[in-house]
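So the structure is just underneath, and the comments pick up after that.
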2 protein chains.
Amino acid sequence: MSEPIRKIMLDEKSIPTAWYNVQADMPNPAEPALHPGTLQPLGPADLTPLFPMELIKQEVSTERWVEIPEEVRELYKQWRPTPVYRATGLEKLLDTPAKIYYKYEGTSPAGSHKLNTALPQAYYNKAAGIKRLATETGAGQWGSALSLACTFFGLECVVYMVKVSYNQKPYRKAFMQVYGAEVIPSPSMRTASGRQVLELNPDSPGSLGIAISEAVEDAVSREDTNYALGSVLNHVILHQTVIGLEAKAQLAMVDEYPDVVLGCCGGGSNFAGIAFPFLADRFQGKKVRLVAVEPDACPTLTKGVYAYDYGDLAKLTPVAKMYTLGHDFIPPGFHSGGLRYHGDSPLVSQLYHEGFLEAQAYGQRTIFEAALAFARSEGIIPAPESAHAIAGAIAEAKAAKEAGEARTILFCLSGHGIFDLGAYEAYLSGGLKDVPYSEEALAKSLNNLPKV
Amino acid sequence: MSEPIRKIMLDEKSIPTAWYNVQADMPNPAEPALHPGTLQPLGPADLTPLFPMELIKQEVSTERWVEIPEEVRELYKQWRPTPVYRATGLEKLLDTPAKIYYKYEGTSPAGSHKLNTALPQAYYNKAAGIKRLATETGAGQWGSALSLACTFFGLECVVYMVKVSYNQKPYRKAFMQVYGAEVIPSPSMRTASGRQVLELNPDSPGSLGIAISEAVEDAVSREDTNYALGSVLNHVILHQTVIGLEAKAQLAMVDEYPDVVLGCCGGGSNFAGIAFPFLADRFQGKKVRLVAVEPDACPTLTKGVYAYDYGDLAKLTPVAKMYTLGHDFIPPGFHSGGLRYHGDSPLVSQLYHEGFLEAQAYGQRTIFEAALAFARSEGIIPAPESAHAIAGAIAEAKAAKEAGEARTILFCLSGHGIFDLGAYEAYLSGGLKDVPYSEEALAKSLNNLPKV
């Protein structure tokens, strides 16, 4: 018979009242962002065409705790606190002495952790009198979350969706449209950036870099419109710390503290969300390993360089010091669209550079093998992005078995994989290959970093 | 700004320890099922090729409470208790004095309430030494739930999936395959029933009636295999009462009791699951209305007859007294595959016939209008099946406004609509029409009822 499921629940009153800001505790201050034109340090005024002042303040705040507005906390209650599960089925399958726990963020109505930041971003923009938000989306998780958040706050939402995904993933598009968002295939004729790309190549499939340029241009060109980003930025990282704060409280309820914490890492917000509240303890002397898991087809932390780089192809966004593969690096096609960004969160990058964080990379066959083992032992079909954390946790559980130690492992399962069943089908039918990135392309894109 | 979300949660200890059996309280005993060959009342021995003895006992039990096995209760904990929400967003949109509550079953890893019965069915079969379960699925919700349940209990699972859905819904197929199920397009060459259909029409798109025949034949022909059904039968209805039992406890926590309870109704298990625990109170003199909501394209309760009929096209299943449109009635194509069955639960049918339940029918444009209003005000995209209950609740809320009364409305939101975004897209682009059934076809199929 089956193993008992062990779910650790908090009550609603235990939803955190403040987000944790790692900038308060970092041994060195965060490296400043630069203006993309002048390459000089950015001031708040440079960001006001894009973001409301409250988010700009959060971007540079060094206060340890940032209060969560009551309206946002009320909306968090729709699905938060999220459960922490003891992965008894997976433990049994692996025959490991390790205790594996996971925090599941897929119960959000948007299907992933992205709603944790979409809600406060919509809230602060609404409070600042903004009527409309522009954003980009690749795989669609972020666009879905922002569409939903805008509905709750009565904001218009326009999503520039990478054209190849727009055509391949009609359900994602429909998801956003159900929530009333306008979804535009990118590159589009709406913006100068889009028109420029289309002039050179009318059949361009688009890319995240182009879509970001279009959304930023849209926001800058309209008084009533701001821009919203789903990862990378400091305020996004901040909002995601509800994940780790809750998880810490949940493990404490069963007298546990993790030896290692893992999260998948693209732009870094999910990993930082689960890891930074534990990093806070590490800054206080507590022993805990923090592991970011990324795709080996877009290996920003494990194969990139720590340098100033642009956030988008058209060089419209601020220049940040981060691990990067180069702003014109195009990763090969693989089934974790949410982990295809060329850069990484500046905060994650700096703390990784300073030795507080670890990183691992896996190929997509390993990822889907882990995903399938998880679905069949734990009952939840994970998003391929989230399965990176599973693969990392499985490796840790095997290492614990090797060492004969009952280590405690915690990972974040960032979202469900219901939109990714096409990729599962490809894997099940044997049609899924590992896709190495091109060493030559990487060398070339690393040559194009701005000279700072 | 947005309305506060009000979620009413039970703790795990409050998951019911027993299911409620309406057969204990019905004023008249349930009408017996008949043998499809002899049309004489069935004995337990007639059912042993299909079901384990524990489920056969539940089918005819008149005990008020049937204990939930501890192993099943443990697995329920993965997602139960499910939340009850106060629909403040929808109330505001409708500007109604009514208080609207909904019980949300879509947080199950299978995405719907179907897992409530899939787990105990897998459990009792495993306990009886069965190695393999055969079933059919149309839209896919039931096949998904049974695949997952079989994974938990280490059973093989074979799902005969209506061929047109198999081809149109590759994601549903992949979902079941991820959980290790074998999914076969029906009609197939595996069974005599399938071969017979294919001989007459090699291009047959299949139907639920044919798929049921194939699954039953598969189960009967193998010693190690039983059959499992996702609705209609008394033991399925029994298992679904966890929904209403929890909901009653949750409303009591906020000192509420509903004036009216609604559920969508195809085979009847979701409606009965939310309604029967309240019907128990009504038998004790409490005033509460119980409303089944069905599609007007397959209007079993509102336009069918109360008569003995076969459960499948090949006449392999028991003959039950129920509201039916005739076992060879083929409803027109509409986007609520889970509500296309020609018959209805015998228990629901009898209690409706005796005046304890009400029924309403809506066209699919009304359904999707309700679904969209709900998604935009409450944040959850409902399955089209579930949206029937929403449409019914909206009608009740409007009636309450008309009457100027602060009535309390409870409905069951049986599952999420992430697999149904194709239908939403058709609605949003104006391509969705109401599809009336054929009066002529109905008259013809009602002419083919068995002469009992």
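Each chain gets a letter, A, B and so on, in the order the sequences are listed, and its residues count up from 1.
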* **Minimum-distance pair of heavy atoms, taken over all atoms of A/Arg376 and B/Tyr179** =>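 Smallest interatomic distance, heavy atoms only, reads NE-C, 3.9 Å.
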
* **Atom of B/Ile418, atom of A/Ile418 and distance for their closest heavy-atom approach** =>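 Here B/Ile418 and A/Ile418 meet closest at CG2-CG2, 3.8 Å.
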
Under 4.5 Å heavy-atom distance to chain B, tell me which part of [X] shows up: side chain, backbone, both or neither.
X	value
A/Ile380	both
A/Ser377	backbone
A/Leu148	side chain
A/Tyr104	neither
A/Tyr424	side chain

* Side chain, backbone, both or neither: which part of B/Ile381 has a heavy atom under 4.5 Å from chain A? ->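 Backbone plus side chain of B/Ile381, per the 4.5 Å heavy-atom cut-off to chain A.
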
* Residue part contacting chain A, namely of B/Tyr76, when any heavy atom lies under 4.5 Å ->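 Neither part.
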
* Is A/Lys7 close to B/Glu12 at the side-chain level, that is, under 4.5 Å between some pair of heavy atoms? ->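 Result yes, sub-4.5 Å side-chain heavy-atom pair found.
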
* Asked: Tell me, do A/Trp79 and B/Thr107 make a side-chain contact under 4.5 Å, heavy atoms counted?
  -> no

Heavy-atom pair count under 4.5 Å with chain B, highest-scoring of [options]:
options	value
A/Gly111, A/Pro83, A/Gly154, A/Gly180	A/Gly180
A/Gly379, A/Ala375, A/Ala174	A/Gly379
A/Asp11, A/Thr151, A/Asp420, A/Leu421	A/Leu421
A/Val178, A/Leu155, A/Leu372	A/Val178

* Asked: Using the ring of each side chain (for Trp, its six-membered ring), is B/Tyr171 parallel, tilted or perpendicular to A/Tyr171, with breaks at 30° and 60°?
  -> perpendicular

* Asked: Does any N or O in the side chain of A/Gln78 come within less than 3.5 Å of the main-chain N or O of B/Glu378, such that one atom is a donor and the other an acceptor?
  ->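 Side chain of A/Gln78 to backbone of B/Glu378: a pair is present.
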
* **Check against salt bridge (charged side-chain N to carboxylate O under 4.0 Å, His left out), B/Glu425 and A/Lys173** => CA-CA 9 Å; B/Glu425 205 178 21; A/Lys173 180 182 56 177; 3.3 Å; yes

* To do: With rounding to the nearest 0.5 Å, note down the distance linking CE in A/Met9 to CE in B/Met9.
  => 5.0 Å

